Amino acid sequence: AAALKETGAIKWIAGLLLGQPSTLRRAQWRVMLPASILSAFMNNTTVVAMFIPAIQEWAARLGLPPSKLLLPLSYAAILGGTCTLIGTSTNLVVDGLLRERYPERALHLFDIAWVGVPVALVGLAYLMLVGRWGTTPFELAEHLAEWVLYVLLTLIGCQLRNSGMPLKQILLNRHGLFIAMTLAASSLIGGLAAAPMLGLAWNEGLAMASGFGWYSLSGILIGEHLGPALGGVAFFNDLTRELLAFVLIPLVMRRYAPLAIGYGGATSMDFTLPVIQQHGGVRCVPIAVVSGFILSLLSPPLILFLVAL
């Protein structure tokens with residue numbers, strides 16, 4: 001990439017292949033088409049490394065956000081690499097293993113093109129469709145997951161309405177309060193006990209245990225006050241807790257419903273609520289909502305208080 005910049009090849013690439021598109025969508029198409037074709041006959045890592053400085057300079061000149069062009073570049077290079085045997089090192093590794101085991105079935109240059117080319121075309125079309133909305137596939141998946149969650153919560157609310165439970169029983173549920181307080185106390189005791197073993201101050205150990213499964217909050221708050229390393233640890237700690245909850249809730253719900261609801265932590269009012277309702281029935285929903293709501297209210301001020309000590 002440095003050699004391309006010094007020799008002026010970057011300007012040539014930008015002028016010849018990229019041109020002067022009038023819209024972001026056209027710019028993305030001009031990036032993805034040559035990148036996917038070149039990566040079919042060159043290593044896709046090399047193609048991306050060659051294009052990055054050209055696209056950065058090109059985007060700055062056109063006033064376009066580089067991230068909206070670099071991500072499609074990476075995806076296009078991966079898709080193009082699936083079209084031929086030499087497109088990616090993975091294809092060559094598979095071919096080598098195939099030659100060792102079945103010498104008569106060795107792959108040739110275009111043997112995988114009948115699968116790779118349609119996949120690449122569909123992938124490029126999808127990227128163009130997503131690029132039209134100015135978002136990435138990951139952002140689109142996040143939005144879809146969020147709306148699916150809203151639909152599930154709405155359906156659970158309808159079930160609650162049809163069950164005939166009074167509003168007082170739903171909102172002022174002592175069982176949910178007891179589960180929330182028990183979980184908060186046990187989490188804090190665990191954090192306090194783990195602090196000396198991990199080389200943390202007592203208040204840092206307590207703060208790390210105060211996310212109660214709310215990983216998107218704990219990682220940010222602890223990262224701002226205790227540094228990015230501990231912020232990352234808090235994030236993965238609570239994320240792992242939520243993932244384990246999805247596994248453990250179905251296993252223990254029938255025999256130990258309060259324990260299963262407690263596994264959900266602060267997420268028992270939203271993300272893990274559909275799992276709780278599916279395996280525990282509609283009677284568990286008010287308990288889970290109250291427990292998750294209390295823990296969600298408790299977590300932010302508790303973390304901020306502990307990190308300030």
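Bear in mind that the values here come from a model prediction, so they are computed numbers and not experimental data.
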Quiz item: Taking it one step at a time, do Leu192 and Leu188 satisfy side chain to side chain contact (heavy atoms under 4.5 Å, CB included)?
Solution: CA-CA 6 Å; Leu192 187 62; Leu188 293 175; over 6 Å; no

Practice problem: Apply side chain to side chain contact (heavy atoms under 4.5 Å, CB included) to Leu221 and Val307, showing your working. | Solution: CA-CA 9 Å; Leu221 292 181; Val307 296; over 6 Å; no

Quiz item: Can you list the steps and then say if Leu85 with His108 is a side chain to side chain contact (heavy atoms under 4.5 Å, CB included)?
Solution: CA-CA 7 Å; Leu85 179 62; His108 297 90; 6.0 Å; no

Exercise. Give the intermediate values and the outcome of side chain to side chain contact (heavy atoms under 4.5 Å, CB included) for residues Val289 and Leu273.
Key: CA-CA 8 Å; Val289 169; Leu273 184 59; 4.0 Å; yes

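Without hydrogens or angle criteria, Thr84 side chain to Leu109 main chain gives no donor-acceptor distance under 3.5 Å. In this structure, the side chain of Glu242 does not engage the main chain of Leu239 through any donor-acceptor pair within 3.5 Å. Looking only at distances, a side-chain donor or acceptor of Ser186 sits under 3.5 Å from a matching main-chain atom of Leu183. Remark: the backbone N or O of Ser299 is not paired with any side-chain donor or acceptor of Ser210 at under 3.5 angstrom. Between the Ser187 side chain and the Ala184 main chain, no donor and acceptor come within less than 3.5 Å of each other. With hydrogens and angles ignored, the 3.5 Å screen pairs a side-chain donor or acceptor of Ser39 with a backbone N or O of Ala77. Using a distance-only test at 3.5 Å, with no hydrogens or angles considered, a donor-acceptor pair links the side chain of Asp238 to the main chain of Gly213. Ser268 places a side-chain N or O within 3.5 Å of a backbone atom of Ala288 that can act as its donor or acceptor partner.
Criterion: ILVMFWY side-chain heavy atoms under 4.5 Å apart, direct or through other members. Under it, Ile112 and Val117 are not part of a common hydrophobic cluster. In the hydrophobic cluster analysis, where Ile, Leu, Val, Met, Phe, Trp and Tyr join through side-chain heavy atoms closer than 4.5 angstrom, Leu251 is grouped together with Val275. Cluster membership for Leu230 and Phe236, using ILVMFWY side-chain heavy atoms within less than 4.5 angstrom, is not shared. Follow the hydrophobic side-chain contacts under 4.5 Å out from Leu79 and you reach Trp114 in the same cluster. Note: the hydrophobic cluster containing Leu124 also contains Val115 (ILVMFWY, side chain heavy atoms under 4.5 Å, direct or indirect links).
Put simply, the side chain of Leu73 reaches to within 4.5 Å of the side chain of Val48, judged on heavy atoms. Inter-residue side-chain proximity for Met208 and Ile303 is flagged as unmet; no heavy-atom pair is nearer than 4.5 Å. Using a 4.5 Å heavy-atom threshold, the side chains of Ser291 and Met269 count as separate. In this structure the side chain of Val252 reaches within 4.5 angstrom of the side chain of Tyr263, judged on heavy atoms.
With rounding to the nearest 0.5 angstrom, the CE atom of Met253 is 10.0 Å from the CD atom of Gln277. Rounding to the nearest 0.5 Å places CG of Leu243 at 11.0 Å from CG of Leu248. Atom CZ of Phe178 sits about 3.5 Å away from atom OG1 of Thr182, to the nearest 0.5 Å. Going from atom CD of Gln56 over to atom CG of Leu70 covers 6.0 Å, rounded to the nearest 0.5 Å. Atoms CZ and CG, from Phe212 and Leu295 in turn, are 6.0 Å apart once rounded to the nearest 0.5 Å. In this structure, CD1 in Ile261 is found 5.0 Å from CD1 in Ile287, a value given to the nearest 0.5 Å.
Scanning both residues, Gly211 and Ser218, for their nearest heavy atoms gives CA-CB, 4.0 Å. Among all heavy-atom pairs drawn from Ala245 and Thr272, the shortest one is CB-CG2, 4.3 Å. Between Ala195 and Gly205, the closest heavy-atom pair is CB-CA, 3.9 Å. Nearest approach of Leu69 to Ala59, heavy atoms of both residues: CD1-CB, 3.9 Å. Residue Cys284 comes nearest to Ile276 through the heavy atom pair CB-CG2, 4.0 Å, listed as atom of the first residue, atom of the second, then distance.
By the neighbour-count criterion of 12 heavy atoms within 6.0 Å, atom CZ of Phe246 is densely surrounded, having more than that number from other residues, nucleotides or ligands. Within a 6.0 Å sphere centred on CZ of Phe293, heavy atoms belonging to other residues, nucleotides or ligands number 12 at most.
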